[in-house]
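Heavy-atom basis, side chains included; hydrogens, waters and symmetry copies ignored. On a predicted model such as this, the values are computed, not experimentally measured, just so you know.
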Amino acid sequence: MKFNSFSELIDMVKGQSNRVVVPGANNAEALTAIKMADDKGLISGGILIGPVELVKKMMAEVGLAEDKFEFIECTDVPTMCNLAVEQIAKGKGDFLVKGLVDTKYYMKAILNKEMGLVPQGALLTHFVLFKTDNFHKMFAVTDSAVLISPTLEQKAKAINNAVNVLRKLGVERPKVAVVCPVEKVNEKIPSTVDAQALVQMNKDGLIPNCVVEGPYDMYITFSKERAAEKGIANAEVPGDADLIILPDLDAANPLYKALAFFAKGVEAATILAGPNIPVILPSRADHPSVKLNAIALCSYLKDQK
């Protein structure tokens, strides 16, 4: 990876021209993150969409100056999202930052074919980049917010999406762990059957530019020693995973939030993988620093082809 921490990433992208577009800008967490990004030299301006009087009041409360921003008055959430995507499509902004809007309207606007933000046949998936004190490098998790009960095909697309992001970040051949409750294929545990199929798809070239292994439990995924104890030998991923994919939303979302809440020294950035432009997709309860890190990540990704 081209950087080993979010502080390194922030230093790499300082001073770039970045215009953010924020639907539902009447959101203290989003405005605080933008203030933090502005203070660190990560943004050059942007467009804030929402009830303008309230947005400006909240900007004053978090100490964010108005002079770098344009404002669009809007109180209807679906319209806010559509207006935001239109600004991006017209070249007036570089990436989207989710404010106080429902994810379903945010996603629907991004998926609007007329706007051209999503390649034909693409699947949008959630991508979280983590850094914790308990693992020797940064790693990603998918899909913690979008896919509820993904099919095998959707899991393959989610891996491809995440691998494409990781390769842009400098991980030439990401190591992918398909995480399940157990490490043996069991017909009564469908996720293990899918894991076996995903490993074969990787071998057949249908999931390229990475190595996919599994089914692995969390111990095997993050510890080479635990993997050896469980009889996993001559594997590349254990203890060195770049990406983990979980069976479904019931598994991935709690893991994401548990890591954010309990992991020692945890830092994270949350984006959408799959669209033509970077898109920030945090949880409403995420700390503003998560949005700050996502702004830095999007700033880096927008210039990577």
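Applying the 4.5 Å side-chain rule to ILVMFWY residues, one finds V182 in the same cluster as I189. Applying the under-4.5 Å side-chain rule to Ile, Leu, Val, Met, Phe, Trp and Tyr, the cluster around V185 extends to V193.
Distance check: Y300 OH to L169 CG gives 6.0 Å after rounding to the nearest 0.5 Å.
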Determine all donor-acceptor pairs shorter than 3.5 Å in which one atom belongs to a side chain in residues 250-259; sequence neighbours excluded.
residue: N253; atom: OD1; partner: K257; partner atom: NZ; Å: 3.1
residue: N253; atom: ND2; partner: S144; partner atom: O; Å: 2.7
residue: Y256; atom: OH; partner: D286; partner atom: OD1; Å: 3.0
residue: Y256; atom: OH; partner: D286; partner atom: OD2; Å: 2.5

Pairs of donor and acceptor atoms involving the side chains of residues 114-128, under 3.5 Å and at least two apart or interchain, shall be tabulated with distances.
residue: T125; atom: OG1; partner: N161; partner atom: ND2; Å: 2.9
residue: H126; atom: NE2; partner: L281; partner atom: O; Å: 3.1

Tabulate below the donor-acceptor pairs under 3.5 Å that side-chain atoms of residues 97-108 make, not counting sequence neighbours, or state none.
residue: K98; atom: NZ; partner: V101; partner atom: O; Å: 3.1
residue: Y106; atom: OH; partner: K98; partner atom: N; Å: 3.3
residue: Y106; atom: OH; partner: I280; partner atom: O; Å: 2.8

Which side-chain N or O atoms in residues 69-78 pair as donor and acceptor under 3.5 Å with protein atoms at least two apart or in another chain?
residue: E70; atom: OE2; partner: R19; partner atom: NH2; Å: 3.0
residue: E73; atom: OE1; partner: V52; partner atom: N; Å: 2.9
residue: D76; atom: OD2; partner: T79; partner atom: N; Å: 3.1
residue: D76; atom: OD2; partner: T79; partner atom: OG1; Å: 2.6

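Partners of D194 according to the side-chain hydrogen bond (donor to acceptor under 3.5 Å, both in side chains) rule, which considers only residues two or more places apart in sequence or in another chain, are K155. Residues passing the side-chain hydrogen bond (donor to acceptor under 3.5 Å, both in side chains) test with Q200, sequence neighbours excluded: D204. For K14, the side-chain hydrogen bond (donor to acceptor under 3.5 Å, both in side chains) partners two or more places apart in sequence, or in a different chain, are D11. In this view, K264 and D133, N134 satisfy the side chain to side chain contact (heavy atoms under 4.5 Å, CB included) rule, not counting sequence neighbours. Take K57 and apply the side-chain hydrogen bond (donor to acceptor under 3.5 Å, both in side chains) test, not counting sequence neighbours, and it matches E61.
The shortest side-chain heavy-atom distance between L42 and I10 falls under the 4.5 Å cut-off. No side-chain heavy atom of L48 sits less than 4.5 Å from a side-chain heavy atom of N26.
Here the side chain of N293 pairs no donor or acceptor atom with the backbone of F6 at under 3.5 angstrom. Between the Q304 side chain and the L301 main chain, no donor and acceptor come within less than 3.5 Å of each other. Between the side chain of N202 and the backbone N or O of I207 there is at least one donor-acceptor pair closer than 3.5 Å.
Linking Ile, Leu, Val, Met, Phe, Trp and Tyr whenever their side-chain heavy atoms come within less than 4.5 Å leaves L246 and V176 in two separate clusters. At a threshold of 4.5 Å between side-chain heavy atoms, the hydrophobic network of Ile, Leu, Val, Met, Phe, Trp and Tyr places V20 and V55 in one connected group. V163 and I245 fall within a single hydrophobic cluster, where Ile, Leu, Val, Met, Phe, Trp and Tyr are joined by side-chain heavy atoms under 4.5 Å apart, directly or via other members. Under a hydrophobic-cluster definition in which Ile, Leu, Val, Met, Phe, Trp and Tyr are linked whenever side-chain heavy atoms come within less than 4.5 Å, directly or via other members, V179 and V212 are assigned to different clusters. In this structure, M80 is a member of the same hydrophobic cluster as V21, with clusters built from ILVMFWY side-chain heavy atoms closer than 4.5 Å.
Applying the ring-ring contact (aromatic ring centres under 6.0 Å, His included) test to pairs two or more places apart or on separate chains, those with a residue in residues 213-250 are F135-F222, F139-F222.
Shown are I220, L198, T192; of these, the side-chain contact (heavy atoms from CB on, under 4.5 Å) with P215 is made only by T192.
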So L147 and D248, side chain to side chain contact (heavy atoms under 4.5 Å, CB included) or not? Walk me through it.
CA-CA 7 Å; L147 302 178; D248 55 25; over 6 Å; no
Take M138 and D242 through the test side chain to side chain contact (heavy atoms under 4.5 Å, CB included) and record every step on the way to the result.
CA-CA 7 Å; M138 303 180 89; D242 297 297; over 6 Å; no
Evaluate side chain to side chain contact (heavy atoms under 4.5 Å, CB included) for K131 paired with V266, printing each intermediate quantity in order.
CA-CA 6 Å; K131 173 67 176 171; V266 69; over 6 Å; no
Let's go through K137 and D240 carefully: what are the C-alpha distance in whole Å and the side-chain angles of both, what is the deciding distance for side chain to side chain contact (heavy atoms under 4.5 Å, CB included) to 0.1 Å, and is it a yes or a no?
CA-CA 8 Å; K137 66 179 181 180; D240 202 35; 3.0 Å; yes
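Residue K184 places its NZ atom among 12 or fewer non-hydrogen atoms of other residues, nucleotides or ligands, all under 6.0 Å distant. Within a 6.0 Å sphere centred on CD1 of I148, other residues, nucleotides and ligands contribute 12 heavy atoms or fewer.
Considering all non-hydrogen atoms of both residues, G170 and K2 come closest at CA-CG, 4.0 Å.
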